[in-house]
2 protein chains.
Amino acid sequence: MVERQSGVALWRQIADRMRLAINNGDFDETGMMPPEMTLAARFGVNRHTVRSAMAALAEEGIVRPIQGIGTRIERRDRLRFPISKRTRFSQGLGNQARDIENTMLEAATEVAPSIVAEALGLPIGTLCVRMETVNSADKRPISCATHYFPADRFGKIGGVFEQTRSVTAAFQALGVSDYVRRSTEISAIHAEGEVIRHLKLSPGAIILVATAINTDLAGTPIQFSRTRFAADRVKLTVEPEA
Amino acid sequence: MVERQSGVALWRQIADRMRLAINNGDFDETGMMPPEMTLAARFGVNRHTVRSAMAALAEEGIVRPIQGIGTRIERRDRLRFPISKRTRFSQGLGNQARDIENTMLEAATEVAPSIVAEALGLPIGTLCVRMETVNSADKRPISCATHYFPADRFGKIGGVFEQTRSVTAAFQALGVSDYVRRSTEISAIHAEGEVIRHLKLSPGAIILVATAINTDLAGTPIQFSRTRFAADRVKLTVEPEA
DNA sequence: TCCAAATGTCTATTAATCTAGACAACCGAA
DNA sequence: TTCGGTTGTCTAGATTAATAGACATTTGGA
């Protein structure tokens, strides 16, 4: 059921599980959460503890309590984000959202960190453009990403991206008509720091981290990116064929 | 830094971050953790709080404190688990571990849950074999999985698996010489219940959930599986080509 | 041998979390 | 209108988590 003395407060465990159940469509028949007393009994905790969990979900806009009636489910969705040989952010979400927005927070030319240099096959000390973006669907932040591009070929990509609002379009404007994904690594950690603010997460939420390398059609690495997804808003889908 | 009143205890946040840093090789030069007082200052907490985090890591066997000396790092590893068109558990880990073991906990023939029936393209009410396995590398549990197979073709797969200790080998024994992955979905949740025991996790740890469908070469779905990975022990690697 | 630096243990206090119970406020239906 | 079921609010107490400080113990090196 719920685990005590785990370092994770009961209300947070319960909030996580209810969010999951809602996204899973468990209460779709009624569109309402079970009564607080029922949930308290089900999880083996006090009603007040359930209320704390509910308050967290209400804060996220997932449920809305109505006195005298019950607690209504306002939103249940977890976007499907496909990862494939031709992963593109906006295209990937396709028609799952009407309004997809990529915002650039920052672009700077810096010496490439050693991990990035290695990934892109550059000598230590090479300059790279680092670009920070936040990606939203229907005004809801889905992920934030840090991208690195070799500065010699893509020194101006920051400015171009601000025009095009798309990495794919920026690449095209800079002469890269197409590109493919060489590798993607996925791990999961607790959200912290800046990411919490950018993704409007409640602290302690889980984020999926996807670290990827893209190459041009000649096989030359042109992009290293680390994308942090709010785990309760997406599921990553691995597409086997190109 | 660390987030207060997030429903996640400070010692757990710190333990999570230190585990990540260790796996990231941050302290490889000395092989020792920084002194407790240094960490306390770095995280902005009391020394005792750092000690609680350390105790959790020591419990997991990741560090070992030595009075008068410091805290030694005992183990730093996160296996790379590739996900591709031909994902195979044991092969995938390859030479990252000497001893890879698949244990079957249970096999039962049941009516397929609706999600499984849909995924495998079976009529509602069809019988399936459900099989629970735990997968370990070098005696350390890495993942536990629930597999479903259509009962008409694979009714005996439980017994065969116990002999072969491999899904791939069991398939071959039952006439499926090769199979490919149709789809993989990845999400992340907090560990709870049975999974904590099977994977020997500290409660509250993060698990990566990979839900996959495999088909035979004719394209007929033959396996639905949900694999739960201990997030601090693996990183999933998405391979773009077959 | 002595000292500096590190972990180990203890007490005490404060803050956060969880439990328990009572009752108010609100809604829909009988 | 009344009543059962629901959420909202309050008080009080128990348990867990975090802070603070003191001092013991162990180790390696000066």
Side-chain angles (χ1 to χ4, degrees), chain A residues 1-18 22 27 29-59 61-74 190 192 202-204, chain B residues 1-18 22 27 29-59 61-74 190 192 202-204:
Chain A
M1 197 54 75
V2 284
E3 312 286 340
R4 288 163 194 262
Q5 294 172 332
S6 65
V8 183
L10 295 182
W11 65 264
R12 171 149 295 284
Q13 295 182 51
I14 292 170
D16 286 349
R17 295 191 47 171
M18 292 198 300
I22 291 168
F27 311 119
E29 296 160 22
T30 61
M32 302 286 285
M33 297 299 291
E36 294 168 351
M37 287 301 288
T38 307
L39 290 169
R42 183 177 305 171
F43 288 114
V45 301
N46 191 273
R47 177 181 160 227
H48 294 295
T49 308
V50 170
R51 280 179 64 75
S52 297
M54 285 291 203
L57 295 182
E59 179 70 24
I62 292 176
V63 301
R64 185 160 61 90
I66 307 168
Q67 188 170 358
I69 306 284
T71 303
R72 176 172 301 156
I73 294 166
E74 291 281 284
H190 284 122
E192 62 186 27
S202 45
Chain B
M1 198 53 76
V2 285
E3 313 285 339
R4 286 161 196 264
Q5 292 171 336
S6 64
V8 182
L10 296 182
W11 63 264
R12 169 149 295 285
Q13 296 183 49
I14 291 170
D16 286 350
R17 294 191 47 173
M18 292 198 300
I22 290 168
F27 311 118
E29 296 159 22
T30 60
M32 302 286 284
M33 296 300 290
E36 293 167 352
M37 287 302 288
T38 307
L39 290 169
R42 184 178 304 172
F43 289 115
V45 300
N46 191 274
R47 176 181 161 226
H48 294 296
T49 308
V50 170
R51 281 179 63 75
S52 297
M54 285 291 204
L57 295 182
E59 180 70 22
I62 292 176
V63 300
R64 186 160 60 90
I66 308 168
Q67 188 168 359
I69 306 283
T71 303
R72 176 173 301 158
I73 294 166
E74 291 282 283
H190 284 123
E192 61 187 27
S202 44

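Reminder, nothing fancy here: chain letters follow the sequence lines and each chain counts from 1.
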Length of the [atom1]-[atom2] vector between [X] and [N], whole Å:
{"X": "B/Arg51", "N": "C/dT9", "atom1": "CZ", "atom2": "C1'", "value": "8 Å"}
{"X": "A/Leu57", "N": "D/dT7", "atom1": "CG", "atom2": "P", "value": "14 Å"}
{"X": "A/Glu36", "N": "C/dG21", "atom1": "CD", "atom2": "P", "value": "17 Å"}
{"X": "B/Asn46", "N": "C/dA12", "atom1": "CG", "atom2": "C1'", "value": "13 Å"}
{"X": "A/Leu10", "N": "C/dA16", "atom1": "CG", "atom2": "P", "value": "17 Å"}
{"X": "A/Met37", "N": "D/dG8", "atom1": "CE", "atom2": "C1'", "value": "15 Å"}
{"X": "A/Trp11", "N": "D/dA17", "atom1": "CH2", "atom2": "P", "value": "15 Å"}
{"X": "A/Met54", "N": "D/dT9", "atom1": "CE", "atom2": "C1'", "value": "17 Å"}

Does any donor-acceptor pair link the side chain of [X] with the base of [N] at a separation under 3.5 Å?
{"X": "A/Arg47", "N": "D/dG8", "value": "yes"}
{"X": "A/Gln67", "N": "C/dA25", "value": "yes"}
{"X": "A/His48", "N": "C/dG21", "value": "yes"}

* Asked: So, the side chain of A/Glu36 versus the backbone of A/Val50: is there a donor-acceptor pair under 3.5 Å, distance only?
  -> no
* Neighbour count above 12 (heavy atom, 6.0 Å) for B/Glu74 CD ->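 Correct, the count exceeds 12.
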* Asked: For A/Met37, does the CE atom sit with more than 12 other heavy atoms under 6.0 Å from it, leaving out its own atoms?
  ->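 At most 12 heavy atoms, drawn from other residues, nucleotides or ligands, come within 6.0 Å of this atom.
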* Structure fact -> Considering only heavy side-chain atoms of B/Pro35, the closest of D/dA18, D/dT7, C/dA6 is C/dA6
* From the list D/dT19, C/dT17, D/dA18, which nucleotide is the closest neighbour of the side chain of A/Ala9? -> C/dT17
* Between B/Arg51, B/Met18, B/Met33, which is the residue that forms a side-chain contact (heavy atoms from CB on, under 4.5 Å) with B/Thr71? -> B/Met33
* Asked: Touch check for B/Thr71, heavy atoms < 4.0 angstrom, all strands: base, sugar-phosphate only, or nothing?
  ->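 B/Thr71: backbone/sugar contact only, no base atoms under 4.0 Å.
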* Asked: Taking OP1 and OP2 of D/dT19, is either one under 4.0 Å from a side-chain nitrogen or oxygen of B/Thr49?
  -> yes
* Asked: Roughly how far apart are A/Ile73 CD1 and A/Ile22 CD1, rounded to 0.5 Å?
  -> 4.5 Å
